[in-house]
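Inspection log for the structure reproduced underneath, given as C-alpha cells.
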2 protein chains.
Amino acid sequence: MASIKDVAAEAGVSVATVSRVLNDHPSVSEDARTRVLAAVEALGYRPNAVARSLRTDQTRTLGLVISDVLNPYFTELARSVEEEARALGYSVIIGNADERPDLQDHHVRTLLDRRIDGLLVSPTDGGSPLIVDAARAGTPMVFVDRWIPGVDVPVVRSDGRAAVRDLVAHLHGLGHRRLAIIAGPAATTTGSERVEAFRAAMAEYGLPLPDAYIGQGDFQAESGRRVTEGFLDLAEPPEVVFAADNLMALGALDAVRARGLRVPQDIALAAFDDIRWFVHTDPPITAIAQPTGELGRAAVRALVDRIEGRPPQSVTLPARLVVRRSCGEPAHREPPAPEEFPASVEPSPAMNRSQT
Amino acid sequence: MASIKDVAAEAGVSVATVSRVLNDHPSVSEDARTRVLAAVEALGYRPNAVARSLRTDQTRTLGLVISDVLNPYFTELARSVEEEARALGYSVIIGNADERPDLQDHHVRTLLDRRIDGLLVSPTDGGSPLIVDAARAGTPMVFVDRWIPGVDVPVVRSDGRAAVRDLVAHLHGLGHRRLAIIAGPAATTTGSERVEAFRAAMAEYGLPLPDAYIGQGDFQAESGRRVTEGFLDLAEPPEVVFAADNLMALGALDAVRARGLRVPQDIALAAFDDIRWFVHTDPPITAIAQPTGELGRAAVRALVDRIEGRPPQSVTLPARLVVRRSCGEPAHREPPAPEEFPASVEPSPAMNRSQT
DNA sequence: CACGTCGATGTAATCGATTCCACGACCTCG
DNA sequence: CGAGGTCGTGGAATCGATTACATCGACGTG
C-alpha cells in the first residue's frame with residue numbers, strides 16, 4: 001500500500017509538503033498542491049490512520065461499552081451514538097459485555113490499549129476497578145444509562161421515576177393491587193433504581209410490596225421466564241408483573257404462555273423500555289419509553305466536550321409511560337409512529353400525574 | 001501514560017529486553033524477566049496497540065460492515081462474529097450502513113484507513129467500486145449473507161430456496177392461491193434471490209405471480225407498510241403477504257392493523273428471518289429461520305483463514321421453515337427454545353418437501 | 001589453550017505519519 | 001540599498017513499539 005513517501009516521490013516534493021497538502025495547511029503553493037493531489041489520485045493513496053494516531057496521539061475514535069447488543073434498547077442507543085459521533089468527526093468502536101463483568105473489562109482494556117480518545121460506558125456491574133482507575137487516570141469518560149456511583153464522571157441517563165409512578169397509578173386505577181416486579185441486577189444502577197421507584201410509587205398508593213413479589217432477574221429473557229414461573233407458583237400470585245427491561249418481559253410472556261394463561265385476563269404485564277414490537281405482541285404491551293436516541297446523542301456530545309476541553313454536562317431526561325392493553329385497559333386507536341418514540345399510544349390525558 | 005521506555009528505565013534494562021519479555025521471546029534471563037514484570041506492574045504499563053500495529057503491520061482487528069444494526073438478524077450476526085473473532089484473538093469493529101451505499105462506503109474507507117486485517121461485508125448494494133477495488137487489491141475479505149457477484153471473495157450465507165419452497169407448499173396446502181411478496185432491493189443478492197426462490201416455488205405449484213403482487217421494499221419497516229397498503233388497495237388483494245425480512249413484516253403488520261384487518265383471517269403473513277418476538281406477536285408469525293450464529297462463526301473462520309494464509313472456504317447453510325399461526329394453521333404447543341433457533345415450532349413432518 | 005557456540009543483552013533502524021526549524025527567494029519599507 | 005518579513009519548501013526529530021545485528025562473557029571441545 002502506497003505511503004506518503006511514494007506520494008512525495010511521485011509528485012517530486014518532500015513528505016512534509018504532502019502532509020501539508022493533506023491537512024490543508026495554508027502555506028503550500030498552488031502548483032505543489034495540484035501535483036500532490038494528482039499523485040494521491042494516481043497512486044490511490046490513503047493516509048495510514050495508525051501512523052497518524054501514533055504521531056498526533058489522538059485516534060478520533062470513541063469506545064462504547066454496552067451491556068447487551070441483543071437488547072434492542074442498547075442497539076438503538078449504539079446507533080444514535082455512532083450517528084452523532086460521525087457528525088462530530090469521530091468513529092465508534094462497540095464492545096458488547098453481554099452483562100458479564102469480565103467481558104466488560106476485556107473490552108475496556110482493549111479499547112484503552114487502542115488509545116481511543118474517550119469512553120462511553122453503561123456498566124454491567126457496580127464497580128469495575130479497571131473503569132474506576134481509568135476514570136481517575138484521566139481517560140475522558142461518560143456513563144450512559146447506567147453509572148458507577150462515587151466516580152467523578154458525567155452521567156447521561158433517563159429518569160423513570162415519574163413514569164413508574166404513572167404506571168402504578170394506571171394499574172391502581174384499573175383495580176390491580178398485587179403488583180410484582182422482575183428486577184435487574186442490584187449491582188446496576190438501573191437495576192436497583194427501578195425497584196426503588198416502584199417501591200416508592202407503591203407506598204404512595206398504600207400498596208404492600210412483599211419480598212415474594214420482588215424477583216431477581218439479570219436483564220436477560222431467561223431470567224424473566226424463571227422469575228415469572230416463581231410468581232405463578234405462589235399461593236397468591238400477583239395480578240401484575242412489571243419487568244425492568246424488555247427482554248425479561250419477553251421471558252415473562254414465554255412463561256405465562258407456557259402455562260396456558262392469558263394476558264391481561266389472568267395476569268397483567270408491563271415493561272421498562274419500549275420497543276416497536278410491543279405494539280404487535282399479543283396483547284400490545286404497556287411500557288415505559290426512554291428517549292433513547294436523545295440519550296445517545298447527549299452522551300456523545302458530553303464526551304466530545306470533555307475530549308476537546310470544554311466542560312462536559314450530565315444530562316437526565318424523563319422517560320414516559322406508554323399505555324397499551326397488557327394491563328387491561330381497552331385499546332386506543334394508534335396514531336402513526338412519531339420519530340423518537342417507536343409506534344405507541346399516548347397515555348390518556350387523565351392519567352398523567354392524575355394522582356397525588 | 002507510561003511507555004516501554006519508562007518500563008525499561010524502571011527495570012534497568014533496554015527497551016529491547018522489555019519487548020522480549022512482553023512477547024515472551026525465549027532468550028531472556030529469569031532475572032531480567034522478573035524485574036521487567038515488576039516494573040510493568042509498578043507503572044501500570046499497557047502496550048500501545050497503535051505503535052505496535054504500525055511496526056508489525058497488523059492490527060488483529062476485523063471490520064464488519066452490516067446493512068442495518070437495528071435489524072435483529074444483523075445484531076445477532078454481529079454478536080456471533082465478535083464472539084468467534086475474540087476466541088481467535090481478534091477484535092471487531094462494526095460499521096452500520098443503514099442500507100445506504102454512501103454510508104457503507106464511508107465505513108469501508110474508515111476501516112481500510114485503520115488498516116484492519118480483514119473485512120467482513122454484507123453489501124448494501126450490488127457493486128460498490130470501493131469494495132470491489134479493495135478486494136482486487138488484496139484486502140482479505142469475506143461476504144456474509146449478501147455478496148457482490150463476480151468478485152473473487154468467499155461467501156458465507158444461507159440458502160433459503162428449500163425453505164421458501166416449503167413455505168409455498170404450506171400456504172398452498174392451506175388453500176391460499178394469491179400470494180404476494182414484499183421484496184428487498186434488487187441490488188442486493190438476498191433481495192433478488194428471495195423473489196426468485198419464491199417465483200420458482202410458485203411456478204412449481206402452478207400459481208401465478210403477477211407483477212402487482214411483487215412489491216418493492218428496502219428491508220426497512222416503513223417500506224413494508226407502504227407496500228402492504230398498496231396490496232390492500234388492489235381490486236383483488238392477495239391472500240398472503242410474504243415479507244423478505246423481519247422489519248418489513250413489522251411494517252406489514254402495522255399496515256394491516258391500521259386498516260382494522262386481522263391476521264390470518266383477513267390476510268395471512270409470513271416473513272424471511274425469524275426473531276424471538278415472532279412467537280409472541282398477534283398472531284405468532286410463520287417465518288424462515290437462518291442459522292445466524294453459525295453463519296457468523298463460519299464467516300470469521302473463513303476470513304481468519306484467509307488472513308493467516310490458509311485457503312478460505314465459502315459456506316452455504318440451509319434455512320428452515322418455522323410454522324406458526326399467521327397463515328392460518330392451528331397452533332402447535334411450542335417446545336422450549338433450542339440454542340441456535342429462537343423459540344419456534346418445527347414444521348409438521350408432512351410438510352417438509354411433501355410435494356413434487 | 002584457542003576457538004566456536006550459545007545465551008543474554010543492547011544499539012539502532014524501521015514503520016508512516018506530523019511538525020519544528022532552517023533556509024533561500026522575493027517583497028516591502030525606511 | 002539594506003534590514004526585516006513573508007512564503008514555500010525540505011531536513012530531520014518524533015511518536016512507541018519490534019527486531020536485525022552486534023557484542024560480550026561463559027562454556028564446551030578438540
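A, B, ... follow the sequence lines: proteins, then strands. Residue 1 opens every chain.
Between A:R100 and A:D102 a salt bridge is recorded (basic side-chain N to carboxylate O distance below 4.0 Å). Ion pairing between a basic and an acidic side chain is recognised when a charged N comes within 4.0 Å of a carboxylate O; B:R157 and B:D145 show no such pairing. Looking at A:R79 and A:E82, no side-chain N of the basic residue comes within less than 4.0 Å of a carboxylate O on the acidic one, giving no salt bridge.
The separation between B:I4 atom CD1 and D:dT18 atom P is 5 Å, rounded to whole Å. Here the C1' atom of nucleotide C:dG16 and the CG atom of A:L22 are 12 Å apart, to the nearest Å. Between the CZ atom of A:R46 and the C1' atom of C:dG16 there is a distance of 15 Å, given to the nearest Å. The CD atom of A:Q58 sits 14 Å away from the C1' atom of C:dT19 (whole-angstrom rounding). With rounding to whole Å, B:N48 atom CG is found 13 Å from D:dT18 atom C1'. In this structure, B:E30 atom CD and C:dG7 atom P are separated by 15 Å, rounded to whole Å. Between the P atom of D:dC7 and the CZ atom of A:R33 lies a distance of 14 Å, rounded to the nearest Å. Taking atom OH on A:Y45 and atom P on C:dG16, their separation rounds to 10 Å, with Å as the unit.
Here D:dA17 is the nucleotide among D:dA17, D:dG8, C:dC15 with the atom lying nearest to any side-chain atom of B:S3. For A:S14, the side-chain atoms get nearest to D:dG10 when compared with the rest of C:dT9, C:dA17, D:dG10.
Under the 4.5 Å side-chain criterion, counting only non-hydrogen atoms from C-beta, B:P311 is not in contact with B:R306. Side-chain contact check for A:L22 versus A:V18: some heavy-atom pair is nearer than 4.5 Å. In this structure, B:V13 and B:R35 have side chains that are in contact, with non-hydrogen atoms separated by less than 4.5 Å.
The phosphate of D:dA17 has neither OP1 nor OP2 within less than 4.0 Å of any side-chain N or O from B:S53. Between A:S27 and D:dC7 there is no side-chain N or O to OP1 or OP2 distance below 4.0 Å.
Annotation: of the two residues near DNA chain C, B:A51 and B:H25, the 5′-most nearest-nucleotide partner is B:H25. Nucleotides of DNA chain C nearest to B:R115 and B:G12 differ in position, and the one nearer the 5' end is that of B:G12.
A distance-only check finds a donor-acceptor pair linking the side chain of A:T56 to the backbone of A:R52 [under 3.5 Å].
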Output one line per pair: protein atom, nucleotide atom from nucleotides 19-27 of chain D, and distance, for all N/O pairs under 3.5 Å.
none

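In this structure, B:A32 reaches the sugar-phosphate backbone alone: every heavy-atom distance under 4.0 Å involves primed, P, OP1 or OP2 atoms, never a base. Contacts of B:V50 with the nucleic acid, taken as non-hydrogen atoms under 4.0 Å apart, are absent.
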